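Predicted model only: the values in this text are computed from it and were never measured. Note on naming: letters A, B, ... go to the chains in the order of the sequence lines (proteins, then strands), and numbering restarts at 1 for each one.
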Amino acid sequence: MPELPEVEVTRLSFASRIEGATVQAAYLGKPLRWPLGCEASTLVGQTVGTAQRRGKYLWLPLGGAEQAEQPGLLMHLGMSGSLSFGQDLGARGAHDHFELGTTKGCLRLTDPRRFGAVVWSPSRDRGAAAKLLAGLGLEPFDPRFDGSALHAGLQRRRVAVKQALLGGQIVVGAGNIYACEALFLAGIDPRTRSDRISRPRAERLAQALRTTLANALALGGSTLRDFRDAHGMAGDFQSQAQVYGREGQQCQACFTPIKRLIQGQRSTFYCPQCQRR
DNA sequence: CGGGACGCCTGTGAGC
DNA sequence: TGCTCACAGGCGTCCC
């Protein structure tokens, strides 16, 4: 589920409401992808800072104001995770595997498949968080991410361009939906070898990726099944998708049937007419 | 090292 | 109705 737009929509939906709260309790349910890495009691009494996003990770600083190196929780929503935040979230369900009770409300991670994670780290730049964030590519809205940076990154790989986008070593944030959509918007066949993408096409792809992600962000992300922001609001981008999940349906630009293929064990959707090598 | 396959875990929908 | 199977938004790890 959660790609960059969903993670950012989630962050925006609770960050300002939880900021400054004091942690009163922490609950751990079934194991997530990795162990928390500290005792639940370590979190109690900590002050929540400003939630940040890096790629598809959220960083929730704990431990007071503006310390140079404050500890915190690195969170990932995996494939099926979502966060909710509120004063009264109701009874815990079978898929609620982490909760942070605070003076301003309860932050709860619901994640049926448990590919998500909540990991304590002594700081964002050291320990577990640093290790998980190392090697991530540029943020798509970072001014340093432009056609030239994308082109250079693609030149260094020789996988299909779709997989280079998904990998996250060049640019972060695109998952299966938005990688497919951005490639459609840029008119590029997803099977094209990344090092064969010309400079002008890389320029177009960089712009297409930003446009796609910004559009999804504005629509509250994509809700294919269970994505909700921390208020419980569903996203609406899925209704705008041009290729994702539309195998056999007509391309809205040229009426050619959308095709599906498998790349790296994942479905890729594309228009064989609009997208060229 | 780059690249590809695998596995983590649960739910859903299709087909029989 | 009930079973089995394929498949699902991510990504670290293990091989070659």
Distance, rounded to the nearest Å, where A:Ile170 contributes CD1 and B:dG3 contributes C1': 13 Å

Counterpart residues, ring-ring contact (aromatic ring centres under 6.0 Å, His included), relative to A:Tyr270 (two or more places apart): none

Nearest-nucleotide 5' precedence on DNA chain C, A:Lys131 against A:Thr223: A:Thr223

Shortest side-chain distance from A:Val159, nucleotide among C:dG10, B:dG3, C:dG12: B:dG3

Span that lies between the P atom of B:dT12 and that of C:dC11, in whole angstrom: 23 Å

Side-chain N,O (A:His95) to OP1/OP2 (B:dT10) below 4.0 Å: no

Sequence neighbours excluded - side-chain hydrogen bond (donor to acceptor under 3.5 Å, both in side chains) pairs with any residue from residues 151-164 of chain A: A:His151-A:Gln155, A:Arg157-A:Gln169, A:Lys162-A:Asn176, A:Lys162-A:Thr268

Side-chain N,O (A:Lys30) to OP1/OP2 (B:dC9) below 4.0 Å: no

Nucleotide C:dA8, atom C1' - distance to CG of A:Asp111 in whole Å: 13 Å

Nucleotide C:dC7, atom C1' - distance to CD of A:Glu247 in whole Å: 12 Å

Separation between the C1' atoms of C:dG9 and B:dG3, rounded to whole Å: 23 Å

For A:Glu139, salt bridge (Lys or Arg N to Asp or Glu O under 4.0 Å) partners two or more places apart: A:Arg53, A:Arg54

N/O (side chain, A:Tyr178) to phosphate O (OP1/OP2, C:dG10) under 4.0 Å: no

Integer-rounded Å distance: B:dG3 P and A:Leu154 CG: 11 Å

Gap between atoms CG and C1', on A:Asn176 and C:dC7 respectively (whole Å): 12 Å

Bracket string, DNA chain C, 5' to 3' - pairs by Watson-Crick or G-U geometry under 3.5 Å, | interstrand: .|||||||.|||||||

Sugar-phosphate, base or nothing in reach of A:Arg156, heavy atoms under 4.0 Å: nothing

With A:Phe237 via ring-ring contact (aromatic ring centres under 6.0 Å, His included) - residues at least two apart: A:Tyr178

Side chain to side chain, A:Leu32 and A:Arg114, heavy atoms closer than 4.5 Å: yes

All side chain to side chain donor-acceptor pair (under 3.5 Å) counterparts of A:Asp111, not counting sequence neighbours: A:Ser80

Side-chain ion pair, A:Arg276 and A:Asp189, N-O less than 4.0 Å: no

All salt bridge (Lys or Arg N to Asp or Glu O under 4.0 Å) counterparts of A:Arg92, not counting sequence neighbours: A:Glu99

Interatomic distance, A:Ile262 CD1 vs C:dC7 P [rounded to whole Å]: 7 Å

Whole-Å distance separating the CG atom of A:Leu4 from the P atom of C:dC11: 11 Å

Cluster check A:Leu261, A:Leu166: I/L/V/M/F/W/Y, side chain < 4.5 angstrom: no

Length of the OH-P vector between A:Tyr244 and C:dC7, whole Å: 13 Å

Phosphate OP1/OP2 of C:dA8 contacted by A:Ser267 side-chain N/O (<4.0 Å): yes

What are the atom names and distances for every N/O pair under 3.5 Å that joins the protein to nucleotides 5-8 of chain B?
residue: B:dG7; atom: N2; partner: A:Arg33; partner atom: NH2; Å: 3.4

Of A:Gln163 and A:Arg225, the one whose closest DNA chain B nucleotide lies more 5': A:Gln163

A:Arg266 side-chain N/O to C:dA6 phosphate OP1/OP2 under 4.0 Å: no

Hydrophobic cluster partners of A:Trp59 (side-chain heavy atoms under 4.5 Å): A:Trp34, A:Tyr57, A:Leu74, A:Val119, A:Leu132, A:Leu133, A:Leu136, A:Val172

